[in-house]
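On a predicted model such as this, the values are computed, not experimentally measured, just so you know. Residue numbering restarts at 1 for every chain, and letters A, B, ... go by the order of the sequence lines.
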Number of protein chains: 2
Amino acid sequence: MSGHAAVKSLQRGELAERTGCNIETVRYYEKIGLLPEPPRTSGGHRAYSSTHERRLRFVMRARELGFSLEEIRELLRLAEERDRPCAEASTVAATHLQDVRTKIADLKRMEGVLKNVVVQCGDGTQPECPLIETLFREPTARSAKPRTKSARSPGD
Amino acid sequence: MSGHAAVKSLQRGELAERTGCNIETVRYYEKIGLLPEPPRTSGGHRAYSSTHERRLRFVMRARELGFSLEEIRELLRLAEERDRPCAEASTVAATHLQDVRTKIADLKRMEGVLKNVVVQCGDGTQPECPLIETLFREPTARSAKPRTKSARSPGD
DNA sequence: TCTTGAACCTGTAGTGACTACAGCCCGTAT
DNA sequence: ATACGGGCTGTAGTCACTACAGGTTCAAGA
C-alpha cells in the first residue's frame with residue numbers, strides 16, 4: 001500500500017483512482033485555489049506529484065470531518081506556516097465541533113418526532129394519517145436558526 | 001393576538017409576519033408550485049386567505065422535520081386525496097427517518113474525532129498541532145456514502 | 001388631495017460543494 | 001494508422017433559499 005517506489009507523476013486519472021476522489025472534484029478544488037495547479041505534459045494533461053496527493057488527502061480527510069472548504073483553506077494555510085499555530089487551528093476545530101453538535105441536536109429532535117409519527121401510522125390503515133395531521137395541527141418545537149456555515153455530512 | 005375576528009385576506013406581508021416565514025421564501029414556494037398562487041388586488045399585490053396560511057404552515061412544519069421540498073410536495077398531494085393514504089405518507093416519513101439517522105451517525109463520528117483533537121490540542125501550545133497531524137496522517141474511518149436525497153437541518 | 005416612504009412587484013444572480021454534460025483534443029494499444 | 005478511452009475547458013444544473021435592482025402600489029399623514 002505505502003509507496004516505497006518513487007512515484008514521479010500520476011496520470012490518466014491515477015490521482016483520482018488512488019485517492020478515491022472524483023476527478024471533477026479535484027479540478028474543482030484546483031479552480032477555487034484549494035489545490036495548486038500541477039505542471040502539464042506537452043499535450044496539456046495534468047501531471048500530479050506526491051505533494052499534490054498529500055494535499056488532496058488532507059482536504060478529503062477534513063471534508064470527512066465536515067469542515068467547509070473555507071475552513072479547510074484556513075487549515076491548509078496554518079499547516080504551511082513555519083511554527084504551527086496550534087491555537088488557531090484548534091479554534092477552527094472547536095468552532096466546527098460546536099456546529100456539529102448543534103446539527104446533531106437538531107437532527108435528534110427531528111428523529112424523535114418522526115419516530116413517533118411512524119409508530120402512530122403503524123401499518124398505514126389509520127383513517128386519519130397521524131403524519132399529515134401532525135403537520136397540519138401541531139406547532140413542532142422550533143429551534144433557533146443557528147445560521148452556521150455549511151460543513152455537511154459526507155453523505156449529502 | 002389570536003385571530004378571533006374573521007380574516008378575509010392578509011396583506012402587507014401579514015402572511016410572512018404571522019407565520020414567521022420570509023416573504024421571499026413564500027414567493028419562492030409559489031414559484032415552484034408548492035403553494036397556490038393567491039388572488040391579486042387591482043394593483044397586483046397578493047391577497048392571501050387562511051387557506052394559504054394553513055398550507056404554508058404545513059410546509060414550514062415539514063421543513064422543520066427536515067423533509068425536502070419534493071417530499072413535501074408529495075405529502076401535500078397525499079393530504080389532499082379523499083381517503084388519506086396513510087401508508088404512502090408513512091413510507092415517506094420512514095424513509096426520511098432513515099436519512100436522519102444516517103446523518104446523526106455521520107455527525108457523531110465526526111464529533112468523536114473532533115472532540116479528541118480539540119482535547120489533544122489543549123491550550124494550543126503543542127509544538128506539532130494534533131489536528132493538522134491528524135489530517136495529514138490518519139485515514140479517518142470513511143462511511144459508505146449513502147447518496148440520500150437532501151432534506152437538511154433547519155439551521156443550515 | 002397630494003405627498004411621502006414603506007412595502008410590494010418581477011426577474012436575475014449569488015450561495016456551497018459539487019456533478020454532468022458538450023464538444024474538442026490527446027495518447028496509447030493494436 | 002486508427003480507434004477509443006480518457007483527458008481538456010467551460011458552462012449549466014442541483015437544493016433551498018437569499019439578496020438585489022429597478023420599478024409600482026398603497027396607506028397614512030399634511
Side-chain angles (χ1 to χ4, degrees), chain A residues 9-17 19-35 37-48 56 59-60 62-74 96 99 103 106 145-156, chain B residues 9-35 37-48 56 59-60 62-74 96 99 103 106 145 147-156:
Chain A
S9 73
L10 308 163
Q11 281 165 19
R12 283 214 321 278
E14 233 178 313
L15 178 63
E17 199 186 346
T19 59
C21 186
N22 187 335
I23 194 167
E24 312 244 44
T25 303
V26 176
R27 297 206 272 252
Y28 170 71
Y29 288 162
E30 229 175 274
K31 194 165 68 177
I32 64 168
L34 212 57
L35 299 180
E37 293 187 20
R40 303 291 184 115
T41 65
S42 54
H45 287 201
R46 288 171 180 80
Y48 297 103
L56 174 58
V59 174
M60 291 175 71
R63 286 297 295 143
E64 280 162 22
L65 292 179
F67 286 104
S68 73
L69 295 184
E70 281 317 303
E71 285 167 332
I72 295 170
R73 196 189 295 277
E74 171 74 2
H96 176 51
D99 284 359
K103 280 182 191 182
D106 282 344
K145 297 205 170 192
R147 182 91 26 237
T148 55
K149 280 165 296 183
S150 77
R152 309 227 291 280
S153 133
D156 270 15
Chain B
S9 73
L10 307 163
Q11 281 167 19
R12 282 214 323 280
E14 236 176 311
L15 178 63
E17 200 186 344
R18 283 168 60 104
T19 59
C21 185
N22 188 335
I23 194 167
E24 312 245 44
T25 304
V26 176
R27 298 207 270 251
Y28 170 70
Y29 289 162
E30 227 175 276
K31 193 164 71 177
I32 64 168
L34 212 56
L35 300 180
E37 294 186 20
R40 303 293 183 113
T41 65
S42 55
H45 286 203
R46 289 170 179 82
Y48 297 103
L56 174 57
V59 173
M60 291 175 72
R63 285 298 293 144
E64 280 161 23
L65 292 180
F67 286 104
S68 74
L69 294 185
E70 281 316 304
E71 285 167 332
I72 295 171
R73 195 189 295 278
E74 172 73 2
H96 176 51
D99 285 359
K103 280 182 193 184
D106 283 344
K145 298 208 170 191
R147 183 103 9 246
T148 56
K149 279 165 302 188
S150 80
R152 309 227 290 279
S153 133
D156 270 13

Phosphate-side-chain proximity, [X] and [N], N/O vs OP1/OP2 below 4.0 Å:
X        : N       : result
Asn22(B) : dC17(D) : no
Arg46(A) : dT9(D)  : yes
Arg63(A) : dC18(C) : yes
Arg73(A) : dA17(C) : no

Minimum heavy-atom separation for [X] to [Y], with atom names?
X        : Y        : value
Tyr48(B) : Glu30(B) : OH-OE1, 3.3 Å
Met60(B) : Thr19(B) : CE-O, 3.1 Å
His96(A) : Phe67(A) : NE2-N, 3.5 Å
Pro38(B) : Ala47(B) : CB-O, 3.8 Å
Leu69(A) : Arg63(A) : CD2-CD, 3.6 Å

Which whole-number value in Å describes the distance from [X] [atom1] to [N] [atom2]?
X        : N       : atom1 : atom2 : answer
Glu64(B) : dA16(D) : CD    : C1'   : 15 Å
Met60(A) : dC18(C) : CE    : C1'   : 13 Å
Phe67(A) : dA17(C) : CZ    : C1'   : 17 Å
Ile23(A) : dA20(C) : CD1   : C1'   : 14 Å

To the nearest 0.5 angstrom, please state how far the [atom1] atom of [X] sits from the [atom2] atom of [Y].
X        : Y         : atom1 : atom2 : result
Glu70(B) : Ile32(B)  : CD    : CD1   : 7.0 Å
Thr25(B) : Leu34(B)  : OG1   : CG    : 11.5 Å
Leu65(A) : Asp106(B) : CG    : CG    : 11.5 Å

Distances under 3.5 Å between protein N/O atoms and the N/O atoms of nucleotides 22-26 of chain C, please, pair by pair.
none

- prompt: Under the 3.5 angstrom rule, does the side chain of Arg46(A) hit a backbone N or O of Arg27(A) as a donor-acceptor pair?
  reply: no
- request: Kindly state which residues belonging to residues 24-32 of chain B come within less than 4.0 angstrom of DNA chain D, counting heavy atoms of the residue only, listed by number.
  value: Glu24(B), Thr25(B), Tyr28(B), Tyr29(B)
